[in-house]
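For reference, the structure discussed in these notes is given below.
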Amino acid sequence: MNLLFPKLKSIERFPLFLLRSYLVPANLPQNATSYSNLIEEFTKFCYERDLPRSINAMKCLENHGLMADSVAYSELIKSCISKKAIEEGKLVHKHLLSNGNQPKSFLLSMLVNMYVKFNLLGEAEKLFDKMPERNVVTWTTMISAYSNAKIGRKALEFLILMLRDGVIPNMYTFSSVLRACDGMLSLRQIHCGLFKYGLESDVFVRSALIDVYAKWGELDNALAVFEEFVTGDLVVWNSIIGAFAQNSDSDEALNLFKRMKRAGFAAEQATLTSTLRAVTGLSLLELGRQVHVHVVKYDQDLILNNALLDMYCKCGGLDDARLFFTQMKERDVITWSTMIIGLAQNGFSKEALSLFEKMKQTGTKPNYITIVGVLFACSHAGLLEEGWYYFQSMKKLFGVDPGREHYGCMIDLLGRAGKLDDAVKLLHEMNCEPDVVTWRTLLGACKIHKNAEIAIYSAKKILKLEPDDVGTYILLSNIYENSQRWEDAMNVRKTMKERGLRKEPGCSWIEVDKRIHAFIFRDTSHPQIDDIIRELNRLVLKLRGIGYIPETNFILQDVEGEQKEDSLQYHSEKLAIVFGLMSLPRESVIRIRKNLRICGDCHLFAKLVAKTEKRIIVIRDQVRYHHFQDGKCSCGDYW
DNA sequence: CTAGGGTTAG
């Protein structure tokens with residue numbers, strides 16, 4: 001009887017009752033009383049996702065030249081993928097091709113996908129090339145693989161090959177290939193393709209489109225895609241909110257968040273994470289606390305908790321941040337890095353470094369960004385020796401090559417110590433091209449140590465890279481004027497005029513009673529502006545009594561370029577400080593956020609106010625934090 | 001069988 005089936009390679013879809021009656025038990029493995037039982041066993045194990053037993057049974061099948069139904073194999077492949085069982089997956093592949101079998105094409109597609117999930121792109125490609133027929137799923141699997149592996153060129157190439165093959169792309173194809181776009185040209189072409197195939201309203205496609213436009217900084221286009229249809233999908237909302245939050249348009253991100261809630265959607269993890277980022281960008285501590293209430297529901301979400309921790313760090317709520325950090329049940333590199341950087345930026349460098357030691361003890365491996373934070377802490381505290389130690393041994397200790405940001409910290413550290421020549425030397429030794437931020441760091445050191453020559457040198461480099469940087473033009477022209485190089489100064493002003501550049505007005509804001517009060521230089525629209533100015537004048541008079549002299553000559557410091565004493569007096573941060581004094585209870589901290597760098601005079605003013613009025617003032621300017629307390633600032637007068 | 005959103009940086 002066994003001879004009836006000697007050449008039978010595949011018994012899929014063969015009625016089992018027939019097998020039962022014809023098969024003769026021979027050489028049977030354990031746990032199976034006949035071939036049919038063996039196949040049934042195998043199938044059962046596959047459906048139960050019992051990987052070890054399935055593989056054993058599969059080996060028995062192979063020994064007997066038998067095959068089961070394709071559906072069983074698809075379950076088996078899924079098991080291998082979910083358990084990341086690479087060796088077992090390869091065995092399944094071998095089994096499916098054993099005895100010259102030609103598996104169903106969907107099984108081959110699944111195998112391709114399996115190799116992709118195992119990060120064995122080469123294997124996937126080999127199998128893909130050998131396939132007798134490729135459908136949209138097979139092509140999409142490969143395209144998605146290349147997109148994920150950030151080999152965008154290959155993904156786009158495969159889309160073209162697929163179209164040439166006459167295969168019609170679907171929404172899966174598009175949402176994969178969109179992420180592979182390498183610029184506006186390919187993105188626009190793909191976007192057109194969406195209309196051609198009538199896929200422009202698919203929510204997966206739309207969220208991918210929004211993300212990609214946002215990635216290339218095209219927020220208008222991202223918003224246009226978003227507004228095209230009324231959105232009933234939370235992920236699309238999350239995409240558009242994230243788009244603005246990640247591109248530092250926090251205002252718009254918060255507006256969209258409000259719109260989403262009004263439209264009746266409940267914020268969940270990704271929504272809240274983006275919203276917190278927007279809140280952080282605007283330094284709105286009280287609003288952040290309100291968001292915290294919603295986060296409690298997802299207190300096991302690490303990403304969200306990290307965003308919340310960062311919010312407390314960057315909004316001046318450092319005590320809240322410390323408390324929250326100690327209470328966190330789970331911490332990853334980002335958690336530690338966020339806290340280290342938060343401490344360092346707020347002027348607690350020693351604490352940041354000891355936290356770094358603690359982090360190493362817990363076995364969390366520091367990454368590139370952690371070390372930026374550590375070096376930043378060193379530079380902030382003037383720890384020249386420690387900084388050099390970490391900088392020189394980071395490769396050996398943590399396996400991280402020093403990058404632009406690490407050099408930046410070291411240039412800052414040397415610059416702060418007055419070793420400007422060493423800083424320049426290090427800048428030229430960098431293993432990568434210095435960027436604007438690197439040059440600005442050097443320029444910052446020049447401002448403190450009043451080195452006009454290197455300042456001009458770095459300013460020119462900055463303007464070459466960023467020809468619209470108003471602050472640097474003004475600074476450069478001020479330096480020239482101060483050195484009586486009138487013609488050079490005039491040329492700088494002329495260039496500015498030609499480029500149509502105007503100084504961005506200084507703007508400071510403060511949260512009082514859940515409202516944000518913004519003060520813009522020379523703007524008098526605040527309802528209490530008269531009271532504020534009266535109080536400010538009174539305060540200046542009082543401070544003059546104890547020796548305050550408005551500093552009018554910040555040639556190298558005042559990037560706003562205001563030289564006159566009366567203009568200085570009404571800088572936006574001064575108005576915000578006075579308003580804070582007037583409207584916040586005595587015990588509360590005055591937290592202010594400014595769009596530009598704080599000027600030297602306002603810095604001095606804040607220190608003295610903190611002393612005479614016995615208040616803590618925290619000002620976060622464009623890049624740095626200033627905690628004013630008892631006549632001193634956490635930045636140590638270096639910024 | 002193939003596709004979507006979130007966290008740390010000088």
Side-chain angles (χ1 to χ4, degrees), chain A residues 70-71 73-74 77-78 81 104-114 116 135-145 147-148 169-179 199 202-212 214 233-243 245-246 268-277 280 298 301-311 313-314 332-342 344-345 367-373 375-376 379-380 403-413 434-438 440-442 444 623-624:
Chain A
S70 299
V71 183
Y73 292 109
S74 76
I77 295 172
K78 281 188 222 160
I81 294 176
K104 296 237 156 147
S105 71
F106 87 94
L107 281 183
L108 289 173
S109 286
M110 286 185 78
L111 285 174
V112 172
N113 186 40
M114 181 187 79
V116 168
N135 61 11
V136 58
V137 176
T138 330
W139 282 103
T140 302
T141 303
M142 289 310 295
I143 290 173
S144 163
S147 284
N148 283 335
N170 61 16
M171 49 272 225
Y172 291 82
T173 322
F174 275 103
S175 49
S176 296
V177 84
L178 271 168
R179 279 176 301 124
L199 296 167
D202 179 77
V203 287
F204 280 76
V205 168
R206 289 181 59 219
S207 59
L209 258 179
I210 292 171
D211 288 341
V212 181
D233 187 83
L234 188 62
V235 178
V236 177
W237 276 108
N238 291 342
S239 293
I240 193 72
I241 294 172
Q246 284 157 40
E268 41 83 278
Q269 291 100 312
T271 330
L272 292 170
T273 308
S274 293
T275 305
L276 278 170
R277 180 161 171 165
T280 307
Y298 304 108
D301 189 309
L302 188 53
I303 297 180
L304 182 50
N305 281 336
N306 286 343
L308 188 63
L309 180 67
D310 191 44
M311 184 280 291
C313 286
K314 293 216 174 45
D332 64 359
V333 211
I334 297 185
T335 320
W336 288 97
S337 308
T338 304
M339 195 67 229
I340 289 169
I341 291 161
Q345 284 179 328
N367 67 12
Y368 189 96
I369 297 176
T370 322
I371 300 171
V372 173
L375 294 180
F376 181 79
S379 87
H380 208 85
R404 205 175 270 137
E405 291 86 351
H406 302 114
Y407 278 99
C409 290
M410 294 314 290
I411 289 165
D412 193 52
L413 184 49
D435 67 352
V436 232
V437 191
T438 320
R440 277 213 188 98
T441 307
L442 186 61
V623 287
R624 222 166 270 265

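In what follows, every chain begins at residue 1, and chains take the letters A, B, ... in the order their sequences are listed.
- Comparing B:dA3, B:dG10, B:dG6 against the side chain of A:Asp202 picks out B:dA3 as the nearest.
- Among the protein residues, A:Val236 comes within range of the nucleic acid bases, having at least one heavy atom under 4.0 Å from a base atom.
- Across all strands shown, A:Ile210 has no heavy atoms under 4.0 Å from either base or sugar-phosphate atoms.
- Across all strands, A:Gln345 comes closer than 4.0 Å only to sugar-phosphate atoms, never to a base (heavy-atom distances).
- A side-chain donor from one of A:Asp332 and A:Asn306 sits under 3.5 Å from a side-chain acceptor of the other.
- Here A:Trp336 pairs with A:Phe325 under the ring-ring contact (aromatic ring centres under 6.0 Å, His included) rule; sequence neighbours left out.
- For a distance-only test at 3.5 Å, the side chain of A:Asp233 qualifies as a donor-acceptor partner of the base of B:dG4.
- Counting non-hydrogen atoms under 4.0 angstrom, A:Ile240 reaches nothing in the nucleic acid.
- Residue A:Val372 places its side chain closer to B:dA9 than to any other of B:dC1, B:dG6, B:dA9.
- Evaluation of atom-type donor-acceptor distances gives no pair under 3.5 Å for the side chain of A:Ser176 against the base of B:dA3.
- The phosphate of B:dC1 has neither OP1 nor OP2 within less than 4.0 Å of any side-chain N or O from A:Asn113.
- Screening A:Val116, A:Leu111, A:Val112 for a side-chain contact (heavy atoms from CB on, under 4.5 Å) involving A:Met114 leaves a single residue, A:Leu111.
- For A:Tyr368, the ring-ring contact (aromatic ring centres under 6.0 Å, His included) criterion is met by A:His406, not counting sequence neighbours.
- When distances are taken from the side chain of A:Val137 to each of B:dT2, B:dG6, B:dT8, the shortest belongs to B:dT2.
- A donor and an acceptor atom sit less than 3.5 Å apart, one in the side chain of A:Asp435 and one in the base of B:dG10.
- Once the 5.5 Å centre distance and the 30° plane angle are applied, the aromatic ring of A:Phe106 is found not to be stacked with the base of B:dC1.
- Note on A:Lys314: every side-chain N or O is 4.0 Å or more away from OP1 and OP2 of B:dT7.
- In this structure, A:Arg440 does not reach the B:dG10 phosphate: none of its side-chain N or O atoms is under 4.0 Å from OP1 or OP2.
- Which of B:dT7, B:dG6, B:dG10 sits closest to the side chain of A:Ser274 comes down to B:dG6.
- OP1 or OP2 of B:dG4 lies within a sub-4.0 Å distance of a side-chain N or O belonging to A:Arg179.
- Here A:Phe174 lies out of heavy-atom contact (under 4.0 Å) with every strand.
- The side chain of A:Thr338 lies closest to B:dT8 when the candidates are B:dA9, B:dT8, B:dA3.
- Side-chain atoms of A:Thr438 come within donor-acceptor range of the base of B:dG10, with a qualifying N/O pair under 3.5 Å.
- The side chain of A:Arg404 lies closest to B:dG10 when the candidates are B:dG10, B:dG6, B:dC1.
- Residue A:Ser109 is in base contact, counting any heavy-atom pair closer than 4.0 Å across all strands shown.
- Nearest nucleotide to the A:Ser144 side chain, out of B:dT8, B:dG6, B:dA3: B:dA3.
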